[in-house]
Amino acid sequence: MVVDLNNLVRLNKAQVKPAVEVLVRAFRNYPLLQYYFPSEVEREKISYYFLSFAVFIGISYGEVYATSSNLEGVAVWMPSTNYPVTFWRLLHSVPPLIIFGLGMHRGFKMRRLGEYLDTVHKRLTPFKHWFLQTIGIAPQFQGKGYAGKLLRPMLSKIDEEGLPCYLETLDEQNVSLYEHFGFKIVDKSNVPETSLTNWAMLREAQ
């Protein structure tokens, strides 16, 4: 079977800003961001820097796709061989203004949480795999099949490689969506020093 990703748009660094803007809208009510930043104004600021990290790193060391040139949705995929990203790779892929901006908005708190999630990820997947790091659909396009349009082609490619795919979510509402695409819960844990719950999910090669 030949996997065709031509119906998706693979993004480059010139498209980071509009891609991040889509993700900011998609993650406006994400539990992690709500927990740390109850103020919606502050949340939008930190979301931009936080999600910019994911997109810049994904473009440099993974694959980032949009549903179309209209960017109804965006997904960031990372091969396990490039994750977690080293400090030096981070410096070479993320602009200094983004790094400084995240730090200015209490990004150190997110770094601690990220370290916890990375530890769980490493423990559960001591083998080669793909990581669905981020996926978001603009609010006006949610519930219209765009998540499937983003997921199916890449999951087919991953199946062709004979590899599993891992993801994590802090929003219980997302669990059933991912289960629909073959992911199964492999770990559920309370994130230390927060009221958050992490669902770690794995999809075996089909």
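Atom set for the values below is all heavy atoms of this structure, side chains included, hydrogens, waters and symmetry mates excluded. None of the values given here were measured: they were computed from a predicted structure.
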Enquirer: If you look only at distance, which donor and acceptor atoms sit under 3.5 Å apart when one is on a side chain in residues 174-190 and the other is two or more places apart or in another chain?
Expert:
unit_1 : atom_1 : unit_2 : atom_2 : d
N174   : ND2    : T169   : OG1    : 3.1
S189   : OG     : Y116   : OH     : 2.7

Enquirer: Without swapping roles, check the side chain of Q15 against the backbone of N12 for a donor-acceptor pair under 3.5 Å.
Expert: yes

Enquirer: Working to the nearest 0.5 angstrom, can you tell me the gap between Q34 CD and D171 CG?
Expert: 8.5 Å

Enquirer: Side chain of E63, backbone of W77: donor and acceptor closer than 3.5 Å?
Expert: no

Enquirer: Could you please spell out the steps behind the side chain to side chain contact (heavy atoms under 4.5 Å, CB included) verdict for F50 and L32?
Expert: CA-CA 11 Å; F50 178 66; L32 166 65; 4.0 Å; yes

Enquirer: So, taking the atom named CG in L97 and the one named OH in Y49, what distance separates them when rounded to the nearest 0.5 Å?
Expert: 7.5 Å

Enquirer: Is any side-chain heavy atom of K157 closer than 4.5 Å to one of L5?
Expert: yes

Enquirer: To the closest 0.5 Å, what do you measure between CD (E42) and NZ (K45)?
Expert: 7.5 Å

Enquirer: Quick one: salt bridge (charged side-chain N to carboxylate O under 4.0 Å, His left out) partners of E40, sequence neighbours excluded?
Expert: R28

Enquirer: For F56, what residues pass the ring-ring contact (aromatic ring centres under 6.0 Å, His included) criterion, not counting sequence neighbours?
Expert: none

Enquirer: Do you know which two heavy atoms are closest between A26 and P139, and how far apart they sit?
Expert: N-CD, 4.1 Å

Enquirer: Side-chain polar contacts of residues 192-200 - donor-acceptor pairs under 3.5 angstrom, sequence neighbours left out - could you list them?
Expert:
unit_1 : atom_1 : unit_2 : atom_2 : d
T194   : OG1    : V191   : O      : 2.9
T194   : OG1    : L196   : N      : 3.0

Enquirer: Quick check: closest heavy atoms across L11 and A66, and the distance to 0.1 Å?
Expert: CD2-CB, 3.9 Å

Enquirer: Please list, chain by chain and in numerical order, all residues satisfying side-chain hydrogen bond (donor to acceptor under 3.5 Å, both in side chains) with Q133, sequence neighbours excluded.
Expert: none

Enquirer: Using the ring-ring contact (aromatic ring centres under 6.0 Å, His included) criterion, which residues pair with Y146? Sequence neighbours excluded.
Expert: F141

Enquirer: Any side-chain heavy atom of I158 sitting closer than 4.5 Å to one from M154?
Expert: yes

Enquirer: If hydrophobic clusters are built from ILVMFWY residues whose side chains come within less than 4.5 Å, do V41 and L51 share one?
Expert: no

Enquirer: Pick out which of R203, Q206, E204, K128 makes a side-chain contact (heavy atoms from CB on, under 4.5 Å) with P164.
Expert: E204

Enquirer: In chain order, what residues pass the salt bridge (charged side-chain N to carboxylate O under 4.0 Å, His left out) check against E72, with sequence neighbours excluded?
Expert: none

Enquirer: So how far is it from I137 CD1 to F27 CZ, rounded to the nearest 0.5 Å?
Expert: 9.5 Å

Enquirer: Give a yes or no on whether the backbone of G73 and the side-chain of T67 come within a donor-acceptor separation of less than 3.5 Å.
Expert: yes

Enquirer: Do T134 and V55 have side chains that approach each other closer than 4.5 Å (heavy atoms only, starting at C-beta)?
Expert: no

Enquirer: Measure across V22 and A138 and return the closest heavy-atom pair with its distance rounded to 0.1 Å.
Expert: CG1-N, 4.0 Å

Enquirer: Taking it one step at a time, do Y30 and R43 satisfy side chain to side chain contact (heavy atoms under 4.5 Å, CB included)?
Expert: CA-CA 10 Å; Y30 194 59; R43 197 185 314 145; over 6 Å; no

Enquirer: For the atom pair OG (S60) and CG (L90), what is the distance rounded to the nearest 0.5 Å?
Expert: 10.0 Å

Enquirer: Run the side chain to side chain contact (heavy atoms under 4.5 Å, CB included) test on V64 and V74 for me, step by step, so that the C-alpha distance in whole Å, both residues' side-chain angles and the decisive distance to 0.1 Å come before the verdict.
Expert: CA-CA 7 Å; V64 181; V74 175; 3.9 Å; yes

Enquirer: Apply salt bridge (charged side-chain N to carboxylate O under 4.0 Å, His left out) to E21 and list each qualifying residue two or more places apart in sequence or on a separate chain.
Expert: K17

Enquirer: Which heavy atom of S47 sits nearest to which heavy atom of L33, and what is that distance?
Expert: OG-CD1, 3.2 Å

Enquirer: Suppose we screen for side chain to side chain contact (heavy atoms under 4.5 Å, CB included). Which residues come up paired with F87, at least two apart in sequence or across chains?
Expert: L91

Enquirer: Can you confirm whether more than 12 heavy atoms, excluding those of Q173, are under 6.0 Å from its CD atom?
Expert: no

Enquirer: Test of understanding: with ring-ring contact (aromatic ring centres under 6.0 Å, His included), list the residues that count as partners of Y48, not counting sequence neighbours.
Expert: none

Enquirer: Looking only at non-hydrogen atoms, find the nearest pair between H129 and L163 and report the distance.
Expert: CA-CB, 4.5 Å

Enquirer: What's the spacing between S52 OG and I99 CD1 if we round to 0.5 Å?
Expert: 11.0 Å

Enquirer: What salt bridge (Lys or Arg N to Asp or Glu O under 4.0 Å) pairs are there with at least one residue in residues 138-156, not counting sequence neighbours?
Expert: none

Enquirer: Once side chain to side chain contact (heavy atoms under 4.5 Å, CB included) is applied, do any residues pair with N82, and if so which ones, sequence neighbours excluded?
Expert: Y61, M78, P79, R89

Enquirer: Determine whether V76 and I57 satisfy the following criterion, side chain to side chain contact (heavy atoms under 4.5 Å, CB included), listing intermediate values before the conclusion.
Expert: CA-CA 9 Å; V76 179; I57 290 170; over 6 Å; no

